[in-house]
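Worksheet: the structure to be examined is printed underneath.
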Amino acid sequence: MSLFLPGGAPAPAPTRRLRRMTRLACACAGGLLATAAHAQAPDLSRLSLEDLLDVDIVTASRFQQRVADAPSVVQVITADDIRAHGWRTLAEALDSLPGLYVSDTGLYTYLGARGLLRAGDYDTRFLLLVNGHRINDPVYSQSPVGAEFPLDLALVERIEYAPGPGSAVYGSNAFFGVINVLTREPDTYGHGQLRAAAGNHGTTDLQLTVPVSAGQGRTLLSVRAFDTEGRTLRFPAFADTPTGGVVRGQDSERVRQVFVQHARDGLSLQLVAGDRRKDDPVAPYEQTFAAPGAQVQDRWIAFGATLARPLGERVEASARLDVIDYRYVGDYVYGGALTYLNRDIASGVSVVAGGQVVARIGARHTFVAGAEAQWDRGVVQRNFDVSPRATYLDSRQHMSSGGVFVDDEFRMSEAWRLNAGLRADRSDRGIVRLSPRLALIGTRADNRVVKLIVGQAYRSPNAYERYYQVDSDESAQLANPSLNAEHVQTAELFYSRSVGAHSRAELSVYHYRLSDLITLAATGDGTLTLANAGRATSRGAELAYAYQGDGGVRLRASYAYSDVTESDTARALNAPHGIARVQASVPLAAGWDLAMSAHHMGQRVSREGRVPAYTTVNAHLVWDVASRPLAWSLGVRNLLDERYADPVGPEFLQDTVPRRGREYWLEARWRW
């Protein structure tokens, strides 16, 4: 098991900025530890670090197994982690793990892994699940991790991230890994809850969660409304515009979410629905800067059903159905004194049906076999000027794929086991792809864990990449229906051991080789199209350390180092060599808990130069007594108001987009 995420190697000598960050983080952690020593800390009865190795997870092999035995360096984020640090989006939670990092364009938040976050990647190289049900949409195959993720983190029991080649059991999109967000079971809610929060930038957040009992079944209903006015932004690249590069009142965001879950006798039903509307302050695709009316909308309605039944004492069978209805609307504003509106629409429905059988043969053998098929129906892409009407794209396509997989875990001895997975997928073009994975796993009685994992994964081109085509006076892009899949070959060595009675250290060393990457390229006459023209490599290591005291004090630190090379650029863009993180939490007296964290991002290359390294510090204070119906929390993100930015792709005129400054919020939760 890894208590963190993979992502880098032992770093070179730290910079002065990194040393300052380290001293600051150590001061934060030291202050917390000192406070704990003088406080009457309550017994929070948390699992020890060794006990965490025995926690059962389901994501790596599609059957229940110990974290230590999984054929992946699985990372687990618990509800207690989310509560302690006040993470409000899936991106914030995932950004706490080594090897993963996020980048924000002002419209969307994107997720990178081990130094790899290519321009134009809509998070298509991760498979995102909620309780095992697919969320990736049928048009862009994106895994939403920002405010567009249609589930509130207050409902989450834990997040499992299985890095590495997941195509051996999941097929396409499990390229860099699989993220499985697991919600609390309806029968664990003994009460309803009203959550209300307010913060700067005119932010309000309301959520109502109600459990309902009906006979032998149990249902959970949750609704949420989030609104923010946003911030004022300044872009030197637009200094010669009438606003002088300043955009005000055009960063607002509105989110509406509904979650329904029902469980009874092995049948589980869920509905995850979210609608997110975001004003556009950054003017990509050569829009008129600071023009009112520019905005994007993302809507997910995802239904999932699972039926599980035992077939004897040691055999289990399950069937699953996913239906994902997705719609995107982008309003782009162009022109000078008289502007006009260009609208981009994408929509479609994915239906995924599958089943599997898990057989435990004797005490040493677990075998899984399954099949699934996916149909993307009515995938519509349209682009047109609203008035006067001018149509540039009107496409409607159907896509499909199917696959069968096996996963075989054999326990060779008390200490060693071998896990082998293989999946064969057939696309709607008749192409068959094989995705193998092999893992040798050693778990010693003294809680040392060794894993050697090799494998191969792929990502099929999505409908946008295959069929998006426009031809206007401003630009032209040709469709490429014959586009092929991307591939990655991976090798990883992981070692974990106890350090004293309360600490654990981990090291991952990896090598990724990517080929056939889908890249925007020019044809013979200069027209742009997408082609399998890119290659890349990423190699590095991740070092992690965890301390967990008897009184509930927790300290986690990690450093991730990666070295990335790409064939289509002289220098890999948005690829930090080093990322350092420190997180500390401590229970104080009388029901108070304090958590602090520091995050250092190394220097990155942008299209026009280099983006400086930065360090942010966060703090979160919680008062929550189990016997009291009311709980409070106060959070501050970017406590020191660090000014920093992220590189963006060629669709933007600006080279970087600034991240948010200091944010604070106050939250109250009422339980009944």
ask   = Between D646 and R604, is there a salt bridge with N-O shorter than 4.0 Å?
value = yes
query = Going by atom types only, do S562 and S538 share a side-chain donor-acceptor pair under 3.5 Å?
reply = no
key: For H133, ring-ring contact (aromatic ring centres under 6.0 Å, His included) partners two or more places apart   = none
key: Residue pair R417 / M412, side-chain heavy-atom distance below 4.5 Å   = no
message = I need the N638 CG to Y614 OH distance, nearest 0.5 Å.
response = 9.5 Å
message = Restricting to ring-ring contact (aromatic ring centres under 6.0 Å, His included), what partner residues turn up for Y468, sequence neighbours left out?
response = Y464
ask   = Taking the six-membered ring for Trp, are Y545 and Y547 ring centroids under 6.0 Å apart?
value = no
ask   = Are side-chain N/O atoms of R504 and S496 paired as donor and acceptor at under 3.5 Å?
value = yes
message = Looking only at the side chains, is there a donor atom on one of Q583 and R556 sitting less than 3.5 Å from an acceptor on the other?
response = no
request  = With the side chain counted from C-beta on, respond yes when L478 and L530 share a heavy-atom pair under 4.5 Å apart, and no when they do not.
outcome  = no
ask   = How would you list, by chain and number, every residue that makes a ring-ring contact (aromatic ring centres under 6.0 Å, His included) with F63, sequence neighbours excluded?
value = none
inquiry  = With side chain to side chain donor-acceptor pair (under 3.5 Å) as the test, pick out the partner of Q142 among D123, N462, D137.
reply    = D137
query = S435: what forms a side chain to side chain contact (heavy atoms under 4.5 Å, CB included) with it, not counting sequence neighbours?
reply = S167, Y458
ask   = Roughly how far apart are T59 OG1 and L129 CG, rounded to 0.5 Å?
value = 7.0 Å
message = Does V178 form a side-chain contact (heavy atoms from CB on, under 4.5 Å) with Y161? I'd like the steps, not just the answer.
response = CA-CA 6 Å; V178 181; Y161 173 57; over 6 Å; no
Interatomic distance, L507 atom CG to L493 atom CG [nearest 0.5 angstrom] = 7.5 Å
note = Contacts of Y285 meeting side chain to side chain contact (heavy atoms under 4.5 Å, CB included) (sequence neighbours excluded), chain-then-number -> Y122, Y332, Y334, E651
inquiry  = Tell me every residue that passes side chain to side chain contact (heavy atoms under 4.5 Å, CB included) with R444, counting only those two or more places apart in sequence or in another chain.
reply    = D446, R448
key: Cationic N near anionic O, under 4.0 Å, E492 to R114   = yes
remark   = Residues at least two apart in sequence or cross-chain that pass salt bridge (charged side-chain N to carboxylate O under 4.0 Å, His left out) with R437, listed by chain then number, are D407
key: N-O pairing of E92 and R637 below 4.0 Å   = yes
Counterpart residues, salt bridge (charged side-chain N to carboxylate O under 4.0 Å, His left out), relative to D95 (two or more places apart) = R581
request  = Answer yes when R125 and E486 have at least one side-chain N-carboxylate O distance shorter than 4.0 Å, and no when they do not.
outcome  = yes
inquiry  = Looking at R659, I want to see if its CZ is surrounded by more than 12 non-hydrogen atoms of other residues, nucleotides or ligands under 6.0 Å.
reply    = yes
inquiry  = Restricting to ring-ring contact (aromatic ring centres under 6.0 Å, His included), what partner residues turn up for F126, sequence neighbours left out?
reply    = F176
request  = May I ask you to say whether D80 pairs ionically with R554, meaning some side-chain N is under 4.0 Å from a carboxylate O?
outcome  = yes
key: Y170 and F405, any side-chain heavy atoms less than 4.5 Å apart   = no
request  = Examine the side chains of T615 and H600 and answer whether a donor and an acceptor come within less than 3.5 Å of each other.
outcome  = yes
message = Between R459 and A485 (side chain of the first, backbone of the second, donor and acceptor by atom type, cut-off under 3.5 Å), is there such a pair?
response = no
inquiry  = Could you check whether N136 and S141, counting side-chain N and O atoms only, form a donor-acceptor pair closer than 3.5 Å?
reply    = no
key: S482-N480 side chain donor-acceptor pair, cut-off 3.5 Å   = yes
message = Please tell me whether Q65 and S61 have a donor and an acceptor in their side chains that are separated by less than 3.5 angstrom.
response = yes
inquiry  = What's the separation between atom CD1 in I441 and atom CZ in F494, rounded to the nearest 0.5 Å?
reply    = 11.0 Å
task = Quick one: list whatever passes side-chain hydrogen bond (donor to acceptor under 3.5 Å, both in side chains) with Y108, sequence neighbours left out.
result = D298
Pairwise side-chain contact, L422 with D408, heavy-atom cut-off 4.5 Å (strictly under) = no
inquiry  = Restricting to salt bridge (charged side-chain N to carboxylate O under 4.0 Å, His left out), what partner residues turn up for R158, sequence neighbours left out?
reply    = E160
ask   = Any chance the side chains of S498 and N447 put a donor and an acceptor closer than 3.5 Å?
value = no
key: N-O pairing of R66 and D56 below 4.0 Å   = no
ask   = Tell me, do T105 and V282 make a side-chain contact under 4.5 Å, heavy atoms counted?
value = no
key: Qualifying salt bridge (Lys or Arg N to Asp or Glu O under 4.0 Å) pairs, either residue in residues 425-435, two or more places apart   = R423-D425, D428-R466
